[in-house]
Enquirer: 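Before anything else, here's the structure in question.
Since we're looking at a predicted model, the values are computed, not measured.
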Amino acid sequence: MKLSKRGEYALRALIDLGIAQELGFPILQASELAMKEKLPVKFLEQILAQLKLGGYVKSTRGKLGGYSLAKPMRRIKFGLVIRFIEGPLAPIRCVSQTGYARCSCPDEVHCGLRMLMLDVRNAIAKLLDRYTLKDIVEITLRKLRRDKVTPAFIPSSIGLQSVLSTKGRPAFRGRRKLNSVEPISVRRRK
């Protein structure tokens, strides 16, 4: 599996929308997201339209309109988004669950390459299906707070401390705190 630019930008847009929502800015314009990600607005609008079709984002018209998340962050799994944008996660088609196609191997059942790629596909799918947008937004916000960095889409007139401060509210709502994306075997549920 190789993530295309479209897939990468789709995931980054979702993360930015999640961060903005957590910081009290539930709607962002495509131009704000494009400026932060340094990419053409028209390309990002195409990606956002695709995410809207998938039910991941919604749009609001008007002067104060823009894009926002269409469902709770805990219900947006990275594996599903990648499959929606990119297609199957499998490195070769003969191990794909959603886009299977017979390969040129004469004995698929005993093919060592297929067995290896099946393990690769299963590991990728297990990891990507485990993480939600909420998990990744929490990780990102924790690092932004630690490094005292204000997200680019937050207006400069708003102070860094008021946006990134955790006073008066829990730093992370949810089931666990994460330092970073850790291997599945290392992570422990609380």
Side-chain angles (χ1 to χ4, degrees), residues 1-28 33 36-39 44 47-58 67-92 95-99 116-147 149-154 163-164 166 169-190:
M1 179 201 96
K2 182 178 184 216
L3 200 59
S4 69
K5 287 293 184 190
R6 177 177 288 274
E8 179 186 341
Y9 295 151
L11 295 175
R12 287 169 47 190
L14 287 173
I15 293 167
D16 287 341
L17 288 170
I19 290 169
Q21 180 178 297
E22 284 293 301
L23 297 178
F25 300 89
I27 296 177
L28 291 179
L33 287 167
K36 183 206 178 278
E37 297 298 336
K38 296 178 176 59
L39 53 120
L44 183 59
I47 294 167
L48 290 167
Q50 189 176 2
L51 288 171
K52 185 178 174 182
L53 269 173
Y56 296 105
V57 301
K58 59 185 175 184
Y67 291 89
S68 59
L69 296 173
K71 55 175 96 171
M73 287 189 282
R74 69 183 181 285
R75 291 189 50 223
I76 299 175
K77 300 247 183 194
F78 274 78
L80 293 174
V81 175
I82 292 170
R83 285 182 191 95
F84 176 72
I85 299 289
E86 302 283 357
L89 297 175
I92 57 176
V95 297
S96 176
Q97 288 184 334
T98 59
L116 173 64
M117 291 300 128
L118 183 60
D119 284 348
V120 169
R121 192 268 331 226
N122 289 342
I124 290 171
K126 188 174 185 178
L127 185 66
L128 291 174
D129 289 338
R130 181 178 189 128
Y131 285 97
T132 66
L133 180 58
K134 184 152 187 70
D135 295 328
I136 303 307
V137 165
E138 286 177 355
I139 292 166
T140 307
L141 280 172
R142 182 172 30 252
K143 290 188 179 195
L144 287 170
R145 287 181 178 114
R146 180 195 68 199
D147 297 341
V149 175
T150 305
F153 47 81
I154 303 299
V163 173
L164 295 179
T166 58
R169 63 186 163 102
F172 303 102
R173 289 167 257 149
R175 57 187 191 278
R176 63 186 177 271
K177 292 183 182 180
L178 305 172
N179 289 327
S180 64
V181 179
E182 301 167 346
I184 293 170
S185 61
V186 175
R187 290 178 59 186
R188 286 178 240 146
R189 293 206 179 255
K190 291 184 178 180

Enquirer: Of all the heavy-atom pairs spanning G7 and I85, show the shortest one and how long it is.
Expert: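 G7 and I85 have their closest heavy atoms at CA-CG2, 3.7 Å.
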Enquirer: Mind checking what makes side-chain hydrogen bond (donor to acceptor under 3.5 Å, both in side chains) contact with K52, not counting sequence neighbours?
Expert: S59
Enquirer: Rounded at 0.5 Å granularity, tell me how far CD in Q21 sits from CD1 in I19.
Expert: 11.5 Å
Enquirer: Which pair of heavy atoms, one from L69 and one from G18, lies closest together, and at what distance?
Expert: CD1-CA, 3.8 Å
Enquirer: On a heavy-atom basis, which atom in P91 and which in V120 lie closest, and how many Å separate them?
Expert: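 For P91 and V120, the tightest heavy-atom pair comes out as CG-CG1, 3.9 Å.
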Enquirer: With heavy-atom distances below 4.5 Å as the criterion, would you say the side chains of L133 and F78 are in contact?
Expert: yes
Enquirer: Taking all heavy atoms of S68 and all of P26, pick out the closest pair and write down the distance.
Expert: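 S68 and P26 have their closest heavy atoms at CB-O, 2.9 Å.
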Enquirer: Start with the C-alpha distance between L3 and L11, add both sets of side-chain angles, then the distance that settles side chain to side chain contact (heavy atoms under 4.5 Å, CB included), and finish with yes or no.
Expert: CA-CA 10 Å; L3 200 59; L11 295 175; 3.9 Å; yes
Enquirer: In the structure I gave you, are the side-chain heavy atoms of V81 and L51 within less than 4.5 Å of one another anywhere?
Expert: yes
Enquirer: Could you check whether any side-chain heavy atom of D129 comes within less than 4.5 Å of a side-chain heavy atom of R83, counting everything from C-beta outward?
Expert: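 A side-chain contact under 4.5 Å exists here.
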Enquirer: Evaluate the side-chain proximity of M73 to T132: yes if any heavy-atom separation is below 4.5 Å, no if none is.
Expert: no
Enquirer: Side-chain contact, heavy-atom cut-off 4.5 Å: E22 with K134?
Expert: yes
Enquirer: Could you tell me whether the side chain of L33 reaches within less than 4.5 Å of the side chain of L17, counting heavy atoms only?
Expert: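 L17 reaches L33 side chain to side chain.
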Enquirer: Less than 4.5 Å apart, side chain to side chain, heavy atoms only: is that true for E37 and D16?
Expert: yes
Enquirer: To the closest 0.5 Å, what do you measure between NZ (K38) and CG (L44)?
Expert: 14.0 Å
Enquirer: Run L23 and L141 through side chain to side chain contact (heavy atoms under 4.5 Å, CB included) and show every step you take.
Expert: CA-CA 9 Å; L23 297 178; L141 280 172; 3.9 Å; yes
Enquirer: Side chains of Y56 and Q50: closer than 4.5 Å at any heavy-atom pair?
Expert: no
Enquirer: Please name the pair of heavy atoms, one in K71 and one in I76, separated by the smallest distance, quoted to 0.1 Å.
Expert: CG-CG1, 3.6 Å
Enquirer: How many angstroms lie between CD1 in I124 and CD1 in I82, if you round to the nearest 0.5 Å?
Expert: 9.5 Å
Enquirer: So, the side chain of E86 versus the backbone of S4: is there a donor-acceptor pair under 3.5 Å, distance only?
Expert: yes
Enquirer: Who are the salt bridge (charged side-chain N to carboxylate O under 4.0 Å, His left out) partners of E8, not counting sequence neighbours?
Expert: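 Counting only residues at least two positions away or on another chain, E8 forms a salt bridge (charged side-chain N to carboxylate O under 4.0 Å, His left out) with K5, R12.
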Enquirer: Could you measure the distance from the CG atom of L48 to the CG atom of L14? Nearest 0.5 Å is fine.
Expert: 8.5 Å
